[in-house]
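The structure appears right after this line, and notes come after that.
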Amino acid sequence: MSSCIYGCSSLPSFSAPSAYPTSSRFAFSPSPRHRIHCALGGTVAEPKVTAAVEPLLLNAVRGADVERPPVWLMRQAGRYMKAVLDSSSFPWSYQIICEKYPSFRERSENVDLVVEISLQPWNVFKPDGVILFSDILTPLSGMNIPFDIVKGKGPIIFNPLHTAADVDQVREFIPEESVPYVGDALTILRKEVDNKAAVLGFVGAPFTLASYVVEGGSSKHFTKIKRLAFSQPKVLHALLQKFSTSMAKYVQYQAESGAQAVQIFDSWATELSPVDFEEFSLPYLKQIVDTVKQTHPNLPLILYASGSGGLLERLALTGVDVVSLDWTVDMAEGRRRLGQNIAVQGNVDPGVLFGSKEFITDRINDTVRKAGRGKHILNLGHGIVVGTPEENVAHFFEVAKGLRY
């Protein structure tokens, strides 16, 4: 998983010509930032979020009778989109945006760019979930943990945390103050998508965030975080508690800003043995879920941890509404192990998208058949891989949206 920070909000507002691909109603304007324009140039009233019909994804998670599984893909907005399929309608591909704004931080801190990038797959593929273009490390700057992201190297934590004194310097996260652009972007996305799909937010899980800030960035062996866990567990628990409290607030903030479901990424929890997962991850995930459910009892929470085959039953103990399976778990087996009371998401191997269209179709059908009717969100078992043929992503969505139970 890529990671970046965008705690400052001082970047210049982005503007684009009216042909810039967001929707037929929406063109970005620098002042006021979120004024809505019609295609012919006049200003119109901002659309209101309609709540008459719930998005398919929400109905599926809640166990309603749906005609097909909803579909969206992790990393559906991003680097694989080298050229938008309908270039006459959508001339600005993600790659072109990257050329103009090469810093991931710049792209993810600017409200207009966040909205635009989030909406690109919606405009082209019409998935049933539109996920915020952001990163799990977004809150770090607001917690007094400075870092940067370097192209080709990934995230770099300038001052990794190793001691109790380091943890004491970590501040309480206040989303409204630290990342207002996230809330603004989610609000705009709700209006743009207009309940035709579910708007998704996401956060990082405490252990995964702790792994980044202790290791100093990405890691292969996680020796630093494990050294801290096994030699100074009180220090790690203090850090995990701060992340747990902060991420619960962040989920609530996203929900209040417009997110209709939120996915929690615990990418590195599977580096833990089951007994260590029960000490250093599970309790903090449960805290987040319990806190959020007190204020937002109907907000679906999705939990994803790659390589989680050995932890599936423990993931369900967190209290989340959906467990997202990676492709190393057979969907039928995962369904059996989790039970019918919890929804599942996934879990086609991202590599399948490099195969033929017939192969992609077969794997989609196999996954849906094994998941059974209802309480299933069709997705990949991980994010879309860079270099994936865009036409194969289009085929995935076409087949998925044509399915019927």
Side-chain angles (χ1 to χ4, degrees), residues 57-58 60-63 131-132 136-140 142-143 167 170-176 178-179 182-183 186 198-211 229 233-234 236-270 272 274-305 308 311-325 337-345 375 377:
L57 187 148
L58 301 186
V61 169
R62 292 166 182 161
I131 193 164
L132 177 77
I136 64 170
L137 299 190
T138 298
L140 293 190
M143 299 180 72
V167 175
V170 176
R171 292 196 303 254
E172 175 186 0
F173 180 58
I174 304 175
E176 297 87 345
S178 300
V179 292
V182 169
L186 285 168
V199 172
L200 308 176
F202 68 93
V203 302
F207 181 79
T208 290
L209 295 175
S211 295
K234 289 184 178 180
L236 180 54
H237 279 299
L239 178 60
L240 292 169
Q241 185 58 61
K242 289 191 173 186
F243 278 132
S244 179
T245 301
S246 295
M247 291 309 101
K249 290 182 179 179
Y250 195 27
V251 174
Q252 291 168 326
Y253 174 69
Q254 292 187 25
E256 290 159 5
S257 299
Q260 294 166 287
V262 175
Q263 181 154 312
I264 304 170
F265 285 91
D266 207 352
S267 309
W268 307 131
T270 52
L272 294 168
V275 65
D276 294 320
F277 175 83
E278 291 178 354
E279 179 175 356
F280 296 109
S281 183
L282 179 58
Y284 301 101
L285 290 168
K286 283 179 59 65
Q287 280 187 31
I288 293 173
V289 174
D290 291 345
T291 300
V292 170
K293 291 298 184 179
Q294 288 177 12
T295 58
H296 299 80
N298 297 319
L299 178 72
L301 297 176
I302 307 167
L303 176 59
Y304 174 79
S308 60
L311 297 172
L312 282 189
E313 292 82 359
R314 290 170 175 83
L315 297 184
L317 295 177
T318 61
V320 295
D321 303 281
V322 186
V323 170
S324 189
L325 304 176
R337 290 172 60 187
L338 290 167
Q340 293 299 314
N341 291 330
I342 191 167
V344 293
Q345 178 174 273
K375 285 203 169 188
I377 302 169

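Index from 1, following the sequence. Remember, predicted model here, so these are calculated numbers, not experimental data.
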Could you check if a side-chain atom of I302 sits within less than 4.5 angstrom of a side-chain atom of V262, using non-hydrogen atoms only?
-> no
Atom CG in L240, atom NZ in K242: separation rounded to 0.5 Å?
-> 12.0 Å
Contacts of E256 meeting side-chain contact (heavy atoms from CB on, under 4.5 Å) (sequence neighbours excluded), chain-then-number -> Q252, H296
Non-hydrogen atoms of L311 and P274 that approach each other most closely = CD2-CA, 3.8 Å
Is there a donor-acceptor contact under 3.5 Å from the side chain of T318 to the main chain of L315?
-> yes
Atom OG in S211, atom CZ in F280: separation rounded to 0.5 Å?
-> 11.0 Å
Validation row: E172, M143 side chains within 4.5 angstrom (heavy atoms) | no
Chi angles and distances behind the ring-ring contact (aromatic ring centres under 6.0 Å, His included) call for Y284, F243 | CA-CA 8 Å; Y284 301 101; F243 278 132; over 10 Å; no
Could you walk me through whether V344 and S324 pass the side-chain contact (heavy atoms from CB on, under 4.5 Å) test, one step at a time?
-> CA-CA 6 Å; V344 293; S324 189; over 6 Å; no
Just wondering, do M247 and P139 contact through their side chains at under 4.5 Å, heavy atoms?
-> yes
Hey, does N298 have a side-chain heavy atom less than 4.5 Å from the side chain of R62?
-> yes
Residue pair Q340 / K375, side-chain heavy-atom distance below 4.5 Å = no
If we only count heavy atoms from C-beta on, is the Q345 to Y304 side-chain gap below 4.5 Å?
-> no
Please answer whether the main-chain N or O of G204 pairs with a side-chain N or O of T208 as donor and acceptor at a distance below 3.5 Å.
-> no
Between L299 and K293 the two heavy atoms that sit nearest each other are O-NZ, 2.7 Å
Looking at CZ of F202 and CG of L301, how far apart are the two atoms once the value is rounded to the nearest 0.5 Å?
-> 15.0 Å
Which atoms form the tightest heavy-atom contact between F173 and S246, and what is the distance?
-> CB-OG, 3.4 Å
First locate atom CZ of R337, then atom CG of L312, and finally report the distance between them rounded to the nearest 0.5 Å.
-> 4.0 Å
Between P206 and I288, what is the shortest heavy-atom contact and its length?
-> CD-CD1, 3.6 Å
Partners meeting side-chain contact (heavy atoms from CB on, under 4.5 Å) with A198 (sequence neighbours left out) | P55, L57, L58, L200, Q260
Is there side-chain contact between L285 and I264, with heavy atoms separated by less than 4.5 Å?
-> yes
Rounded to the nearest 0.5 Å, how far apart are CG of L325 and CG of L303?
-> 10.5 Å
Could you pull out the closest heavy-atom pair between I342 and D321, with the gap in Å?
-> CG1-O, 3.4 Å
From S257 OG over to L132 CG, what is the distance, rounded to the nearest 0.5 angstrom?
-> 10.0 Å
Quick one: closest heavy-atom pair of A316 and L338, and the distance?
-> CB-CD2, 3.9 Å
side-chain contact (heavy atoms from CB on, under 4.5 Å) partners of A238, counting only residues at least two apart | V167
Answer with yes or no whether the side chains of T291 and Q287 bring together a donor and an acceptor at under 3.5 Å.
-> no
Would you indicate whether the side-chain heavy atoms of I136 and V203 approach each other to under 4.5 Å?
-> no
